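Worksheet: the structure to be examined is printed underneath.
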Amino acid sequence: MPDPAVVVAQRVAAAVAQLYPDVTEDLDTAARPSERADAQVNVAMGLARLVGKKPHDVAEGIAVALDLRGICSEVTVAGPGFLNLTYDNDYLGALLHDAARDPNLGVHRAATTETVVIDYSAPNVAKEMHVGHLRSTVIGDALVRMCEAVGHRVIRENHIGDWGTPFGMLIEHLIDLGEVDAARELSVGDLDGFYKQARAKFEALPEFQQRARERVVLLQGGDADTLRLWKLLVAESARYFATVYEKLGVKLTDADLRGESVYNDLLVSVVTRLRDAKLLVTDNGAEVVFPAGFTNRDNAPLPLIIRKQDGGYNYATTDLACVIDRVEHLRATLMLYVVGTPQAQHLSMIEAVARDAGWLPESTRMAHVAFGSVLGSDRKMLKSRTGDSVKLVELLDEAVQRAEASIAEKNPELPVADRQRVARMIGIGAVKYADLSSDRIKDYVFDWERMLSFDGNTAPYLQYAHARICSIFRRAGSTREATRQTTPVLSHPSEHALALWLLQYDSAVWDALERYSPHRLCTYLYELSTRYTSFYEKCPVLKAESEVMRDSRLALCDLTARILADGLQMLGIDAPEQM
RNA sequence: GACCCCGUAGCUCAAUUGGAAGAGCAACGGACUUCUAAUCCGUAGGUUGCAGGUUCGAUUCCUGCCGGGGUCGCCA
């Protein structure tokens, strides 16, 4: 389906070529969204300098030469030389009809199918998931959905912390409790308690500490009984993670778990391959690599530590093994790391070393999808009243509870069974949307009132717009599918404004995807909702003045609802039909 | 000390890769015998941290300051 802006840009380029055949420079002929018109073209300003004329005169000339019959109803010159365009209503109507018949609602597929490995969520075994896992999980899930929506092959990887020295202590604690009791404690989700008890014993009892140390050695040595206990811990944690993901409504499953331990057997080869590549250096008893361009506080080269003094490996080694695995076995062409900003330097060192070692071909891109922290109203990292980190499950439960109370108050007619189902969609949706709707690189302030509000850029506002449309169709007596035969006729300005925005879904999705910035899709959907509600207030649908107008408006409603639901789905948010 | 990120209306945030600074709250004024008023319409609100530079044009790019956060070798 042709994007109107693309068609216009081509016509503008043609007009310029005709008027100024001698100009060979690349010109910005793009038609951009504008506050003052449907689109604006800014080519005249740059061109004026090249041809030595006034921008306004150049713009006038282009406006005259420009052939936009059947596309634009008006072209005006404004300001220093902006071309303001108004699209023709019949043209927009025809494009809407195309979009409505497209199962992808106008969103074009990727020209080349990428194999995208997305690394996100990454909780720790035997530890509670807390608010610190929210952003990675939610942003990662949205990116998974967006990539899939345009046809990429997506591999989800949940890189859980299932290895390392803490497991000596955890396994010993498990033994102390007895396997049966320990499993029960873990399965009810009291991971925090389990971990804290183990930690406390480790710090207080030298005897326990000794056992824990010995247990680490057994674990690393592959002792069968120790491995069995370790697997028990991992399995119980996985079961717990699954319940959290279920509650949160993200696509992660057990099949996506790739614990650090998976890479254990590859760590030796990371070392040998780095040594063969002549990158490995022994420094202070550790085996390290010095990638170019990284310095420490003394301005000396900063190493990436591959093997510690004590012979153990650390996370840099695992991360490098991951890169090898993703490139050589999974054939990744794009690797996304959805992890917090503090890891920026670490990841760029990993990339530098992997490139130096020849493990990362030019054709494979690696991107750090970084994000800021969730803050409390005091603008510090969000903590519970007791000062602990906020448990993710408790946060989500509270969201659903608050949503349910809100529904009970505002729509008492909704049956209780529906109320609970809808409360989940609204509560969870509100939390996710609050996380996704602001620029991920920045911190954001967690605020129940604001995220659950029906005003402003919130999930409930978008969901409400969707629910109102569904309500219209329940009364309309016609099916949603039937409206897709109709070519909308746009007469009212708010119909025109809505139509224009509906046609930009494709570019909104791609814009968000290319920047790995879901908030851009949020902004689009919010603007779509405001344009729809504005239309809703001004243009009666079921009581439209004519049958033609009624059908036309139903078609606009249907397409709006589909794009809202589809867009929210890409963000991992459900759109209830009633609320 | 070095490097990275952030700084936009009173508050919370946008701004499509250099194009005419926009929303929502809060404030004020309007609109429900109406398809869900859980909403809408209007008014007001700005030296985009500061100072330079590049450009026809800078919130955006460059330099230097100020303020906040982060990172800087054996945790992940």
Side-chain angles (χ1 to χ4, degrees), chain A residues 28 30 32-36 40-42 45-46 48-49 54-55 78-82 84 122 124 159 161 163-166 260 283-288 294-300 302-310 312 314-316 318-319 340-346 348 370 372-373 379 406-407 409-411 413 437-439 441-445 447 449-450 453-458 460-461 463-465 467-476 504 507-508 510-512 514-515 519-520 522-524 526-527 530 533-534 536-544 553 557 578-579:
Chain A
D28 177 17
R32 296 187 167 81
S34 168
E35 297 286 329
R36 306 171 183 233
Q40 67 175 12
V41 175
N42 307 323
M45 268 80 77
R49 190 172 44 88
K54 288 184 188 168
F82 297 104
N84 285 347
N124 291 309
H159 208 279
W163 203 253
T165 47
E260 293 165 355
D283 190 82
N284 275 337
E287 311 245 46
V288 307
F294 295 89
T295 55
N296 66 15
R297 65 180 79 236
D298 302 320
N299 239 345
L302 182 68
L304 188 67
I305 294 172
I306 304 301
R307 199 166 188 195
K308 300 185 286 186
Q309 280 178 330
D310 65 6
N314 66 4
Y315 72 124
T318 308
D319 283 346
T341 45
Q343 293 212 45
Q345 180 176 262
H346 168 72
S348 85
S373 307
R379 287 220 138 243
S406 177
I407 297 166
E409 180 199 329
K410 287 166 176 160
N411 188 2
E413 287 108 59
S437 59
S438 66
D439 192 352
I441 201 74
K442 299 179 185 174
D443 299 342
Y444 76 92
V445 177
D447 182 336
E449 289 285 319
R450 201 167 55 244
S453 165
F454 289 78
D455 291 300
N457 190 8
T458 67
Y461 180 81
Q463 290 168 321
Y464 180 57
R468 285 171 120 183
I469 298 174
C470 294
S471 175
I472 288 177
F473 277 98
R474 275 196 299 276
R475 293 165 186 269
Q504 285 172 37
S507 58
W510 275 96
D511 177 55
E514 279 165 358
R515 296 157 188 265
H519 86 278
R520 292 194 164 248
C522 294
T523 304
Y524 167 82
Y526 173 56
E527 178 68 22
T530 64
T533 42
S534 184
Y536 180 93
E537 297 285 334
K538 285 167 191 156
C539 301
V541 178
L542 299 178
K543 292 173 186 166
R553 288 177 179 168
C557 287
Q578 290 185 67
M579 59 190 277

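In what follows, chains carry the letters A, B, and so on, assigned in the order in which the sequence lines appear, proteins first and then strands, with residues in each chain numbered from 1. Hydrogens, waters and symmetry mates are skipped; everything else that's a heavy atom, side chains included, is used. Since the model is a prediction, treat every value here as computed from it, not as a measurement.
Spacing of C1' atoms, B/rC11 relative to B/rC41, comes out at 24 Å, to the nearest Å. Nucleotides B/rC40 and B/rA23 place their C1' atoms 15 Å apart, quoted to the nearest Å. For B/rC56 and B/rU71, the C1' atoms lie 41 Å apart once the distance is rounded to whole Å. Taking atom P in both B/rG24 and B/rC61, one finds a spacing of 27 Å when rounded to whole Å. When the P atom is compared between B/rA37 and B/rC32, the two are found 13 Å apart, to the nearest whole Å. Here the separation of B/rU16 from B/rU60, taken at their C1' atoms, is 12 Å to the nearest Å. Only the C1' atoms considered, B/rG57 is 30 Å distant from B/rU12, to the nearest whole Å. The C1' atoms of B/rA38 and B/rC75 are separated by 48 Å, rounded to the nearest whole Å.
Between the CD1 atom of A/Ile305 and the P atom of B/rA76 there is a distance of 10 Å, given to the nearest Å. Between A/Asn457 atom CG and B/rG22 atom C1' the separation is 13 Å, expressed in whole Å. For A/Asn284 and B/rG73, the CG to P distance is 12 Å, given to the nearest whole Å. Distance CD (A/Glu527) to C1' (B/rC13): 15 Å, rounded to an integer number of Å. The distance from atom OH of A/Tyr444 to atom C1' of B/rA14 is 17 Å, rounded to the nearest whole Å.
At a threshold of 4.0 angstrom between heavy atoms, the contacts of A/Ala344 with the nucleic acid are absent. Nucleic acid contact class of A/Asp447 (heavy atoms, under 4.0 Å, all strands): none.
Here the straight-line distance linking atom CD of A/Gln463 with atom CE of A/Met579 works out to 5.5 Å at 0.5 Å rounding. Interatomic distance, A/Ile469 CD1 to A/Arg474 CZ, rounded to the nearest 0.5 Å: 11.5 Å. Note: A/Gln345 CD to A/Leu304 CG = 10.0 Å, rounded to the nearest 0.5 Å. Annotation: the span from A/Ile441 atom CD1 to A/Arg515 atom CZ amounts to 13.5 Å, rounded to 0.5 Å. Rounding to the nearest 0.5 angstrom, the gap separating the CG atom in A/Asn124 from the NE2 atom in A/His159 is 11.5 Å. The OG atom of A/Ser453 sits 9.5 Å away from the CG atom of A/Asp447 when rounded to the nearest 0.5 Å.
Glycosidic conformation of B/rC32 is syn; the angle stays within 90° of 0.
Note: A/Tyr315 and A/His346 have parallel aromatic rings, judged against thresholds of 30 and 60 degrees for the angle between ring planes.
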Let me have RNA chain B in dot-bracket notation, would you? Count Watson-Crick plus G-U wobble pairs, both distances under 3.5 Å, and use [ ] for pairs crossing earlier ones and | for inter-strand partners. (((((((..((((.....[..)))).(((((.......))))).....(((((..]....))))))))))))....
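Between A/Ser437 and the choices A/Thr523, A/Thr458, A/Asn457, the side chain to side chain contact (heavy atoms under 4.5 Å, CB included) rule is met once, by A/Asn457.
Of all heavy-atom pairs spanning A/Ser34 and A/Gln40, the tightest one is OG-OE1, 3.7 Å. Considering every non-hydrogen atom in both A/Leu302 and A/Thr295, the closest pair reads CB-C, 3.7 Å.
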What string of B, S and - do you get for nucleotides 26-41 of chain B 5' to 3' if you count protein non-hydrogen atoms under 4.0 Å? --------SBBSBBSS
List the protein contact pattern of nucleotides 15-21 of chain B with one symbol per nucleotide (5' to 3'): B for base contact, S for sugar-phosphate-only contact, - for none; contact means a heavy-atom distance under 4.0 Å. SBS-BB-
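When atom types are taken as modelled, the side chain of A/Asp310 and the backbone of A/Gly312 share a donor-acceptor pair closer than 3.5 angstrom. Looking only at distances, a side-chain donor or acceptor of A/Asp443 sits under 3.5 Å from a matching main-chain atom of A/Ser373.
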Protein-nucleic acid N or O pairs under 3.5 Å, nucleotides 58-61 of chain B:
none

Give me, pair by pair, the N or O atoms of the protein and of nucleotides 66-72 of chain B that are less than 3.5 Å apart, along with how far apart they are.
residue : atom : partner  : partner atom : Å
B/rU71  : O2'  : A/Gln345 : NE2          : 3.3

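Every residue was checked against the side chain to side chain donor-acceptor pair (under 3.5 Å) condition with A/Thr165, not counting sequence neighbours, and none meets it.
In this structure, a donor-acceptor pair under 3.5 Å is absent between the side chains of A/Ser507 and A/Tyr524. When only modelled atom types and interatomic distance are considered, A/Tyr464 and A/Arg468 share a side-chain donor-acceptor pair under 3.5 Å.
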